Amino acid sequence: MISLSLPTPVSPSTLQLNRHSSHKIPFPGRHNSTSITFESLKTQLIHHADVGHIQEAVSTLDLMSRANLTPDLTAYSVLLKSCIRTRNLDMGRLIHSKLTESKLDLDTVVLNSLISLYSKCGDWRKAEEIFSSMGELRDFVSWSAMISCYASNGFNRESILMFFEMVKFGERPNQYCFSAAIQACSNSEYSRIGIVIFGFLLKTGYFESDVCVGCALIDLFTKGFDDLVSARKVFDKMPERNSVSWTQMITRFSQMGSPRDAVDLFFNMVISGFIPDRFTFSSCLSACSELGSLPIGQQLHSWVIKTGLCWDVCVGCSLVDMYAKCASDGSMDNSRKAFDRMPNHNVMSWTTIITGYVQNGGHENEAIELYYRMLTEGKVKPNHFTFASLLKACGNLFDLRLGQQIYGQSVKLGFSSVNCVGNSLISMYTKNDRIVDARKAFEFLFEKNLVSYNALVDGLDSDEAFKLFNNQIEKNTNIGVDAFTFASLLSGAASIGAVGKGEQIHARLLKSGFESNLCISNALISMYARCGNIEAGFRVFNEMYGRNVISWTSIITGFAKHGFAKRALELFKCMLNSGIEPNEVTYVAVLSACSHAGLIDEGWMYFNLMYKAHRIRPRMEHYACMVDILGRSGFLDRAMLFIESMPFTANALVWRTLLSACRIHNNTELGKKAAEMIIERDPNDPTAYVLLSNLYASAGQWENVAKIRRGMKERSLVKEAGCSWIEIENKVHKFYVGDTKHPEARHIYKELDELVVRIKEKGYVPATNFVLHEVEEELKEQYLFQHSEKIALAYGLISTRNPKPIRIFKNLRVCGDCHNMMKYVSAATGREIVVRDSNRFHHIKDGMCSCNDYW
DNA sequence: GTAGGGTTAG
């Protein structure tokens, strides 16, 4: 692990002081003291201040005082202006203290400058202090400066209140006041007040004459109301536009999900004769990132090279980000090149490249290494965004020790209470199943926003998540809900197959207006599919408009998992006809449809089509699907040859697939080899040992079974306990093998006993070879009837009525005897039984299963 | 002396 240490932060103002103090003060007549006049010194001072040499200007000021040529207020004013322009708070403070020492009477102009200085440098308290001490000296500029001070320092409420106070005081607000106050109203909390101020503004005529007021209105409609149409109307009506207003429209379109329009606006701007600057290119490049359009991005890249703007840090950052987001193959090469070519780096550029590595996945170590370089070589202090990305990297790496170390550094630098750092910390913990720590991090947050809630909801189990949603999120109108909240809730319900809960969330969605959201529709499709109600999923799919590749992939995966290979493949053809490009996940779904239905020829056909038609190179998952297709159909030797012919070394997943095929076809020899390969690659994976021991057990080789069990014990590997669950009236009931904890256990076992007698009459014979212990036949039968899926089935039968299907869920693969027994039960009782196991769905009806006993 | 545009967490 890299050991991390933070460099001592160096403030930019200290650097500047050191550099200038070693310089000689350029002063033409310095040896001839008789030529020093008040006017010449003042000219000197103004010149230094104008070109930004504040240190020299202050020296000149000192010189004036020493020569008894007392500087007047305009001299100080010039200096303050220079400090405001360069945001130099230290020098500004120095000048302020010199002003106080000078005993001059401060006038309105100087005091207004001081307000502006402190406001722009973030010291709003000092600005406030000066404003309230002004009394009679206050003029409309003081009011404007204070209104915008509050607005730009995030005190929207105070800014709006001050605007109305000013009106009450009898001052007429000017364009500066209007734009600052409307800006303060731009967040949704105060957007209605913004409209009131807008009405007031229309009476004044500033709307027609001032570009900044127009810009503020664009923000009011976009940020306050999500209303791009009205913002566009304001923009179109603006009599005067400049490159800032164009850039703002481009930025807002890009940020609010219309990157295509943003790019169009950019070209319109150029055609209309406005010159794009670094901000414009930066925004337009962000729109390209959003669009994922590499060609337009590259076109802009060559443009910024021609104009020389590529050396700008903002533009450089956007280029790095664009190449990271547009890399269709997840490669960071181009992004890294753009980063390495930048002449100067700042926090933002380091953070952008680190974030790129984290978001493209699989490059987390590079991200951590860059962080180390940022601290040592770059001598740059990380900010809250840097920490947010780094914590995400640690979450992906499952390296909580490093994560906690990095979090410690954010604490030292004072970022730990910043929302996005805390939120990242929560999701780092939820991703690593550390719910207790996630909750702690959540409680620690000073201000919890929707992202915080969503991060936690995502990690909680479905019940808890739903509780949090009902009790806190929905009741607290300040938090609001968004698509992420619903997506997390839906995936929570889907993971345990709680269709009742899923339906409740669906009902809430219809009320909330999110049901037309593409991500939500997609989440609904998978929720219904994963809960066993594929037809409901298909209805959602049919009723939505604007389906994307994820919508199609979700429904195809659904049909494939349910064993409806024909419908899955038909939908795949429809997808191709409608012009949607499949991705690698779509092909996993298509190939798994083939494997679940034993369609060997189709499987080969699609495997070859992937690259030929869509330039998608098969990944490990696709090879695993092909091994599955061959292995399940009994062509174990061909599957083995196929593995040996792969262009890269097969991983544990591929061998695990072969091993389960060996179990179905009782091939102990090949199974042994597969298990060895898995254990070689993943020595701590209990599933390999379990599968191998099952293989020996079904071949009756009990000695070997015992040997494996011993091996597992030595490594202290624990087999995942098999369990099944069923949702009855929105409550999930979970059962383990031989479970008697359920309040209705007696009733359940009575039903099970009666059931066995009934189906034995119809020809059911318990398949005792599925019992994995070496015991007497009769005992084996007893063990068999304690399987969790049978208990869940019996409970389902006594608690629901026909024609409601009984939906059972199991964390492992369903046992062969249980599967057979359920077929008999479906025939004897007329009930439809749907089972979701770790691999697929079984629809069992009238003694038949949709898997054709092939799973 | 007073105003506007770029990176971000789920």
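Throughout, a chain's letter reflects where its sequence line sits, starting with A, and its residues are numbered from 1. All values derive from a computational prediction rather than experimental measurement.
In this structure, the aromatic ring of Phe484(A) is positioned over the six-membered ring of the base of dG10(B), centres within 5.5 Å and planes within 30°.
For the pair Leu390(A) CG and dT8(B) P, the interatomic distance rounds to 14 Å; values are reported in whole Å. Between the CE atom of Met162(A) and the P atom of dT2(B) there is a distance of 17 Å, rounded to whole Å. Atom CZ in Phe253(A) sits roughly 18 Å away from atom C1' in dG6(B) (whole-Å rounding). Regarding Phe385(A), its CZ atom lies at a distance of 4 Å from the C1' atom of dT8(B), rounded to whole Å. What separates CH2 of Trp246(A) from C1' of dG4(B) is a distance of 17 Å, to the nearest Å. Rounding to whole angstrom units, CE of residue Met249(A) and P of dG4(B) are separated by 19 Å. The interatomic distance linking Ile353(A) (CD1) with dT7(B) (P) rounds to 17 Å, in whole Å.
Closest contact between the side chain of Ala145(A) and the listed nucleotides dT2(B), dG10(B), dG5(B) involves dT2(B). The side chain of Asp210(A) approaches dA3(B) more closely than any other nucleotide in the set dA3(B), dT2(B), dA9(B). The nucleotide whose nearest atom lies closest to any side-chain atom of Asp321(A) is, among dG4(B), dG5(B), dT8(B), dT8(B).
Listed by residue number, Cys420(A), Asn423(A), Ser424(A), Ser427(A) are the residues of residues 418-432 of chain A with a heavy-atom contact under 4.0 Å to DNA chain B.
Interatomic distance, CD of Glu171(A) versus OG of Ser142(A), reported as 8.0 Å (0.5 Å rounding).
The side chain of Lys120(A) contributes an N or O atom lying less than 4.0 Å from OP1 or OP2 of dA3(B). Listed pair Gln359(A) / dT8(B) fails the phosphate criterion, with no side-chain N or O lying under 4.0 Å from OP1 or OP2. One finds a side-chain N or O of Ser116(A) lying less than 4.0 angstrom from the OP1 or OP2 phosphate oxygen of dT2(B). Here Arg252(A) does not reach the OP1 or OP2 of dG4(B): none of its side-chain N or O atoms lies under 4.0 Å away. Between dT8(B) and Lys325(A), a contact under 4.0 Å exists linking OP1 or OP2 to a side-chain N or O. Residue Gln248(A) has no polar side-chain atom (N or O) positioned under 4.0 Å from OP1 or OP2 of dG6(B).
Between His96(A) and Tyr76(A), the ring centre distance reaches or exceeds 6.0 Å.
Within the 3.5 Å criterion, the main-chain N or O of Asp236(A) finds a donor-acceptor partner in the side chain of Arg241(A). Distance alone, capped at 3.5 Å, places no donor-acceptor pair between the Ser77(A) side chain and the Thr74(A) backbone.
By the 4.5 Å heavy-atom criterion applied to side chains, Thr386(A) and Leu390(A) are counted as neighbours.
Using a 4.0 Å heavy-atom criterion, one finds that Asp482(A) contacts the bases of the nucleic acid, with or without backbone contacts as well.
Between the base of dT7(B) and the side chain of Thr352(A) there is no donor-acceptor pair shorter than 3.5 Å.
Relative ring orientation between Tyr206(A) and Phe178(A) is described as tilted, the plane-to-plane angle lying within the 30° to 60° band. Using bins of under 30°, 30° to 60° and over 60° for the plane-to-plane angle, the ring pair Phe131(A)/Trp143(A) lands in the perpendicular bin. Between Phe155(A) and Tyr150(A), the ring-plane angle classifies as perpendicular under the 30° and 60° cut-offs.
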